[in-house]
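So the structure is just underneath, and the comments pick up after that.
None of the values given here were measured: they were computed from a predicted structure. Every heavy atom of this structure was used, including side-chain atoms; hydrogens, water molecules and symmetry mates were not. Numbered from 1 within each chain, the chains take letters A, B, ... in sequence-line order.
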Amino acid sequence: MTSRPSHIGAHVARVEDDRLLSGGARFVADVSLPGMLDAAFYRSPLPHALIERVDTGEALQVPGVAGAFTADDMTDVSPFPDFHRTARPVSIFPLARGKVRYVGAPIAVVVAPDRYGAEDARDLVSVDLEPLDPVVSVDEALAAEAPLLYPEWPDNIVIRSAVTNPEAIAEFEGRMTVSGRYQVGRHAGVPMETRGVAAEYRDGRLTVWTSTQFPHIARTMLSYCLPLDETDIRVIAPDVGGGFGVKAEFYTEEVTIPWLAMRLGRPVRWIEDRREHLISACHARDLTLDLEVAVDGDGRFRAVRGMAIQDLGAAEMYPYGFSPAFAAVSHITGPYRIPHQSVGVIAVATNKTPCGAYRGFGIPEATFATERLMDKAADRLGIDRREIRRRNLIGRDDLPYRTSSGAIIDSGSHREAFEETVRLTSESLDRWRARLAGDPHLRLGSGVVSYIEGVTPSYYSTSGHWTSFDSCSVRMNPDGTAVVSVGVSTTGQGLESMLTSLAAEALGVGRHQVRVVMGDTDRTPYGLGSWGSRSTNVASGALREAADVVMEKATRIAAHLMEASPDDISVHDGRFGVRGTPGASVTWRDVATVANIRTTDLPEGVKPGMEATASYDPPGIEHHPDEYGRVNGCATYTNASHGAVVSVDVGTGKVRVLEYIVAHDCGTVINPQIVRGQVVGGIAQGIGGALLEKLHYDEWGNPMSTSLLDYHLPTATEIPNMVVRHFQSPAPAMPWGAKGAGEAGIIGPAPAIAAAIEEALSDLGVAEITRTPITAPHVLSLVTSSVSGGRQEDRGDHR
Amino acid sequence: MKPPPFKYARPESLDEVLGILSEHGGEARVLAGGQSLIPLLNFRLARPEVLVDIALVKELRRLAVERGVLRIGAAVTQNAVERSSDVARLCPLLKKALPFVGHLQNRMRGTVVGSIAHADPAAEVPAVTLALEATMVARSARGVREIPADRFFLGPFTTALAQDEILVEVRFPSSKKTRAAVAEVAPRSGDFAIAGVAGEVVTTRAGKVRDIALAMFGVGGSPQRLHEVEARLTGERVTDDLLDQVAALTRHTAQADSEDVHADAAYRARVSGELVRRAVREMTR
Amino acid sequence: MSVNGRPIELVLDARKLLVDVLREDLGLTGTHIGCEQGSCGACTVLVDGRPVRSCIMLGVQAEGCDVTTVEGITPEDGLNPMQQAFKDHHGLQCGFCTPGFLTTLAGVTPDAYPDEESVRELLSGNLCRCTGYEGILDAVLAAWGRDR
């Protein structure tokens with residue numbers, strides 16, 4: 001049985017667009033239930049303090065207030081289990097118990113008929129806090145006599161993985177070494193829809209609507225924390241307004257709100273406001289890579305060693321916030337032949353908002369460091385910055401290639417994508433030089449970088465619990481239409497459309513005959529959700545296996561109806577035919593009607609019904625690293641090269657990205673428009689992180705970026721036009737040869753833009769750029785210090 | 001982020017407005033476009049007892065020219081001012097500055113007078129009033145006061161208005177200057193400026209500066225007029241050398257004491273010189 | 001006031017934001033809340049034809065006004081040309097910010113934005129975290145009959 005590829009690679013409209021365009025979508029904030037109450041949290045105003053007393057008496061006097069609660073009231077709630085074997089246990093509890101470790105930590109919750117009243121009551125909660133000395137940086141956290149966030153620990157280290165690989169160390173003898181300390185600032189995903197939870201407890205069952213990337217994991221976690229069996233919990237992720245990793249954490253509010261619904265016997269809703277979002281949804285990055293490379297005289301990298309140092313914030317985040325540091329280590333070589341590595345991890349707790357996931361998940365940090373070191377080594381050796389990369393990039397002849405991080409690269413266009421990007425970037429730079437020649441303030445430059453991105457990763461290192469599989473059910477209705485339900489869920493990437501295409505492809509029906517169901521644990525088989533650029537791989541794998549079962553049966557029925565051999569049956573566009581017999585034909589409706597209704601027409605030995613559920617665990621994923629931290633933690637690896645063309649205003653330090661070039665390879669492209677959207681959207685976030693975005697803290701641990709006026713997301717005027725080229729190197733082991741594309745774009749901009757700025761200012765001999773965001777004051781300080789004092793090392797800071 | 005409770009009044013006459021302000025003193029706030037005040041309410045950083053909405057007060061909705069003086073009432077939106085041909089003719093600097101104020105959606109409701117009364121140190125319009133030597137007209141139940149722009153701004157978000165006063169109008173005198181420029185550095189378009197300069201100039205037929213006015217914003221706690229820089233330029237032909245001197249003079253004389261997470265004072269001082277250089281060059285080219 | 005062409009009479013708490021009136025009292029949930037301080041644009045609606053931020057406008061301030069939301073600019077039988085252009089050019093992903101863009105665009109005249117730079121400036125009052133604005137810009141230029 002075969003069918004012609006007709007939906008893959010085609011430009012097709014998204015099925016989710018009409019409701020999103022017309023105001024007909026349903027986000028959590030749009031869930032409205034009779035008698036529903038709104039909750040508001042009292043959050044810690046201090047970064048580090050003991051809770052002496054919480055008095056909700058006055059809050060309870062506000063008319064209409066249905067309740068005000070603290071941790072002491074949650075006697076039937078269990079803390080999040082601590083799954084990780086080598087990390088110190090944090091024992092997250094929905095409301096703070098005894099102590100707060102960051103500004104924004106929830107201490108109490110009040111419930112009222114609407115959010116206005118809830119905030120009125122919240123303002124009347126009286127909390128006595130005894131301030132403790134705050135720990136605001138890695139250096140402060142590691143200092144002797146540092147205040148302890150968790151007094152039961154001997155220090156503030158959440159996890160440390162010391163790696164000493166003697167083979168790597170030996171490479172440093174007698175070779176030139178280049179080193180640097182590279183810091184990616186504290187960023188966050190900041191989806192346009194904040195978090196939100198609504199819950200109803202009715203007839204012994206709990207229904208929870210939450211803006212999450214993993215409804216099934218949320219259900220399981222709820223069953224761990226609340227006195228309910230998993231079968232009595234239904235989690236629904238309705239339309240989700242962006243996730244980017246922020247919603248691939250399980251948050252305490254996702255327990256508190258359902259608990260309130262059970263306790264009060266009324267539906268309860270909490271919609272996070274933007275201020276809360278910026279201090280209590282997970283932060284990310286804030287990772288320093290302190291690295292040294294051993295380099296041959298011709299520019300070939302031989303080994304890398306050093307540490308990934310992560311400022312985790314208060315560490316009260318699950319899945320674990322330190323996981324990106326490990327992902328950084330496993331991507332530290334990028335697409336380069338660096339035969340040996342020895343890079344450890346240390347993650348420390350500080351009195352800031354806990355870190356968690358954000359698109360890219362450690363890979364942007366690793367790529368920033370490695371690419372900066374490439375540039376630095378090239379400069380040191382007097383080799384062109386493009387040329388040194390040519391000497392190190394893996395080529396097709398090297399494949400499959402196992403990196404010194406353990407990653408197995410089985411396909412890709414590493415050199416081709418790079419050369420295409422170099423060519424396009426150079427043309428772009430020439431174009432812009434001609435266009436802006438008259439402006440005396442501007443200097444132009446370009447930078448080209450490359451990376452690999454492991455997609456469809458093991459979840460074990462991140463969660464300490466879940467691994468990597470996902471599921472799909474395919475059910476044919478009697479009229480020949482299909483219901484495809486999956487364990488992954490969408491946050492706007494277009495998964496509904498992608499799966500519609502694949503299901504139509506696999507089942508030989510039209511796209512309009514497929515309905516994809518996701519984001520509802522009652523209606524979908526178990527799965528781990530959407531993160532790690534995994535959905536395309538795992539959902540398509542499970543879909544194909546389920547569809548194969550359905551198709552085998554359908555083929556037998558069709559053959560029976562046409563009195564032909566199953567081997568000769570083909571299907572296309574809802575119709576089965578017999579190869580070599582042009583006139584013979586039955587429709588999917590005929591076949592599905594027989595399977596579901598007129599079962600007397602079934603061939604002998606074929607059981608009624610027409611549905612199948614399959615689970616798919618991508619092959620090749622390893623869940624446990626070896627003693628040197630090496631692990632093939634991902635199902636497959638995409639590659640890309642990025643080129644940034646920038647202007648630097650030497651009078652103000654203002655950097656403008658003039659054009660951005662990307663050659664991207666995620667294997668088979670199922671929907672080119674969606675892939676391009678993912679890549680371009682990721683680049684835009686990457687540009688934000690490179691130039692604009694930072695979650696600032698003052699020296700006492702107070703958050704200074706608590707609104708979108710202070711946390712600067714890029715607007716349409718900061719994002720340039722982009723040139724996108726798709727290469728397609730199919731993944732041999734993946735269904736349809738596809739590789740996930742969700743995170744790739746965000747990885748390249750920081751190092752590409754840093755290199756471009758340096759190139760623009762090269763005649764000034766400015767210091768190396770070693771941290772993001774690269775703000776206008778920072779760039780101007782590079783310019784002025786170069787004029788006044790010549791080349792200087794850039795001074796980092798940990799804050 | 002929802003406003004705390006307050007009493008709301010929407011009188012139709014100015015006298016009623018003044019009466020409420022007089023009765024409640026500091027506990028009443030005037031609501032015009034609300035583009036600054038309502039965010040403050042949402043953050044619960046402002047908790048007025050009474051909000052006095054002036055949208056229905058006819059005499060505050062006037063945008064008029066009388067004897068060459070442009071008069072903008074307290075309820076006139078920035079967008080209306082931006083589109084006014086009178087403003088383009090009489091006050092080109094104001095017209096040039098307004099597109100820098102927030103975004104289109106903000107300017108549809110935000111008012112010019114509101115921006116002045118709010119006195120954000122990084123806002124453009126207050127600096128424009130300084131450069132153009134505008135007059136603020138304040139009213140209270142006690143009477144009328146006219147306050148020149150250079151005595152109006154006292155510090156960040158602090159003005160010479162008394163608690164029972166409302167800024168009913170700003171008056172821009174007719175200017176003999178012919179060219180105007182606004183130069184600013186902001187993290188993104190629509191953001192409050194890290195530093196900026198607004199100015200206008202008239203040159204002689206021989207190309208020398210006859211008269212020039214320059215005002216900075218974002219750099220210090222209040223907008224500041226750059227008198228020394230103006231004096232240095234007056235009577236001179238603008239050359240690159242002179243611009244270098246002027247930039248240095250600005251750096252040294254501008255009161256740069258604003259610091260926030262986006263830029264320190266040193267950056268503001270440094271860039272202020274550069275912005276003055278650019279604004280002056282643009283105007284005298 | 002009138003909302004999407006229908007007269008509405010409500011007794012409102014003075015502090016209730018227009019966006020909450022639309023969403024909670026009138027069930028028009030297409031208008032979204034993204035920041036509640038007037039900086040993201042997700043809540044943009046038309047008031048007397050002009051795009052404004054409904055999260056920093058009180059419901060009572062809309063008394064006597066004509067308010068139009070994304071539901072009001074959507075034809076009964078499908079999409080308007082700008083909506084269709086967004087769909088054709090992948091001008092949306094999660095769609096949370098999209099109604100704000102659409103209402104802003106419904107409240108301006110294309111002639112005021114003659115080139116790409118001015119269109120970008122216009123769009124800068126609405127934040128989108130998914131698309132990188134490429135598809136949005138493509139959609140606007142296409143709907144306004146311009147070549148990219």
> Using a cut-off of under 4.5 Å for heavy-atom pairs, which of Leu28(C), Asp20(C), Asp13(C) has the most such pairs with chain A?
Replying inline: Asp20(C)

> Taking side chain as C-beta onward, heavy atoms only, is Met722(A) less than 4.5 Å from Glu134(C)?
Replying inline: yes

> How close do Phe96(C) and Gly241(A) get, heavy atom to heavy atom, and via which atoms?
Replying inline: CB-CA, 4.0 Å

> Where on Pro714(A) is there a heavy atom nearer than 4.5 Å to chain C: the side chain, the backbone, both, or neither?
Replying inline: both

> Of the listed residues (Leu17(C), Leu122(C), Thr69(C), Val119(C)), which shares the most heavy-atom pairs with chain A below a 4.5 Å separation?
Replying inline: Leu17(C)

> With a 4.5 angstrom heavy-atom cut-off, which part of Ile683(A) approaches chain C: side chain, backbone, both or neither?
Replying inline: neither

>> Taking side chain as everything from C-beta outward and backbone as N, CA, C, O, which of these in Tyr116(A) sits under 4.5 Å from a heavy atom of chain C? Side chain, backbone, both or neither.
In response: both

>> At a 4.5 Å cut-off on heavy atoms, which part of His11(A) comes close to chain C: side chain, backbone, both, or neither?
In response: side chain

>> Restricting to non-hydrogen atoms, name the atom on Cys130(C) and the atom on Phe244(A) that form the minimum distance, rounded to 0.1 Å.
In response: SG-CZ, 3.7 Å

> Does Tyr133(C) reach the main-chain N or O of Ala684(A) with its side chain, forming a donor-acceptor pair under 3.5 Å?
Replying inline: no

> Side chain, backbone, both or neither: which part of Gln37(C) has a non-hydrogen atom closer than 4.5 Å to chain A?
Replying inline: side chain

> For chain A, which of Thr131(C), Thr98(C), Leu123(C) has the most heavy-atom pairs under 4.5 Å?
Replying inline: Thr131(C)

> Distance from Gln93(C) atom CD to Gln678(A) atom CD, nearest 0.5 Å?
Replying inline: 5.0 Å

>> What's the separation between atom OG in Ser39(C) and atom CG in Leu713(A), rounded to the nearest 0.5 Å?
In response: 8.5 Å

> Relative to chain A, which segment of His32(C) carries a heavy atom at a distance below 4.5 Å: side chain, backbone, both, or neither?
Replying inline: side chain

> In terms of heavy-atom pairs under 4.5 Å, which option from Thr194(A), Leu709(A), Leu278(A) contacts chain C the most?
Replying inline: Leu709(A)

> Quick one: does Arg26(A)'s side chain get under 4.5 Å of Thr29(C)'s, heavy atoms only?
Replying inline: no

>> Which one wins on heavy-atom pair count under 4.5 Å against chain A: Arg15(C), Gln83(C), Gln84(C), Lys87(C)?
In response: Arg15(C)

>> Report which part of Asp114(A) has an atom under 4.5 Å of a heavy atom belonging to chain C: side chain, backbone, both, or neither.
In response: neither

>> Under 4.5 Å from any heavy atom of chain A, what part of Leu127(C) do you find: side chain, backbone, both or neither?
In response: both

>> Which atoms of Glu16(A) are under 4.5 Å from chain C, going by heavy atoms: the side chain, the backbone, both sets, or neither?
In response: neither

> For Thr491(A), is it the side chain, the backbone, both or neither that has a heavy atom under 4.5 Å from a heavy atom of chain C?
Replying inline: backbone

> Shortest non-hydrogen contact from Thr717(A) to Ser124(C)?
Replying inline: CG2-CB, 4.0 Å

>> Between Gln673(A) and Asp88(C) (side chain of the first, backbone of the second, donor and acceptor by atom type, cut-off under 3.5 Å), is there such a pair?
In response: yes

> Who among Leu79(C), Ile73(C), Thr74(C), Leu92(C) has the most heavy-atom pairs with chain A under 4.5 Å?
Replying inline: Leu92(C)

> Where do Cys94(C) and Leu20(A) come nearest, in terms of heavy atoms and distance?
Replying inline: O-CD2, 3.3 Å

> For atom CZ of Arg120(C), is the number of surrounding heavy atoms from other residues, nucleotides or ligands below 6.0 Å larger than 12?
Replying inline: yes

>> Between Glu693(A) and Arg129(C) (salt bridge meaning N to carboxylate O under 4.0 Å), is one present in this structure?
In response: yes

> Are any non-hydrogen side-chain atoms of Asp30(A) and Arg23(C) less than 4.5 angstrom apart?
Replying inline: yes

> Which bit of Arg676(A) is near chain C, if near means a heavy-atom gap under 4.5 Å: side chain, backbone, both or neither?
Replying inline: side chain

> By a 4.5 Å heavy-atom criterion (distance strictly below it), what part of Glu24(C) contacts chain A: side chain, backbone, both, or neither?
Replying inline: side chain

>> Between Glu36(C) and Arg274(A), is there a side-chain heavy-atom distance shorter than 4.5 Å?
In response: no

>> Looking at every heavy atom in both Met192(A) and Cys40(C), which two are closest together, and how far apart are they?
In response: CE-CB, 3.6 Å

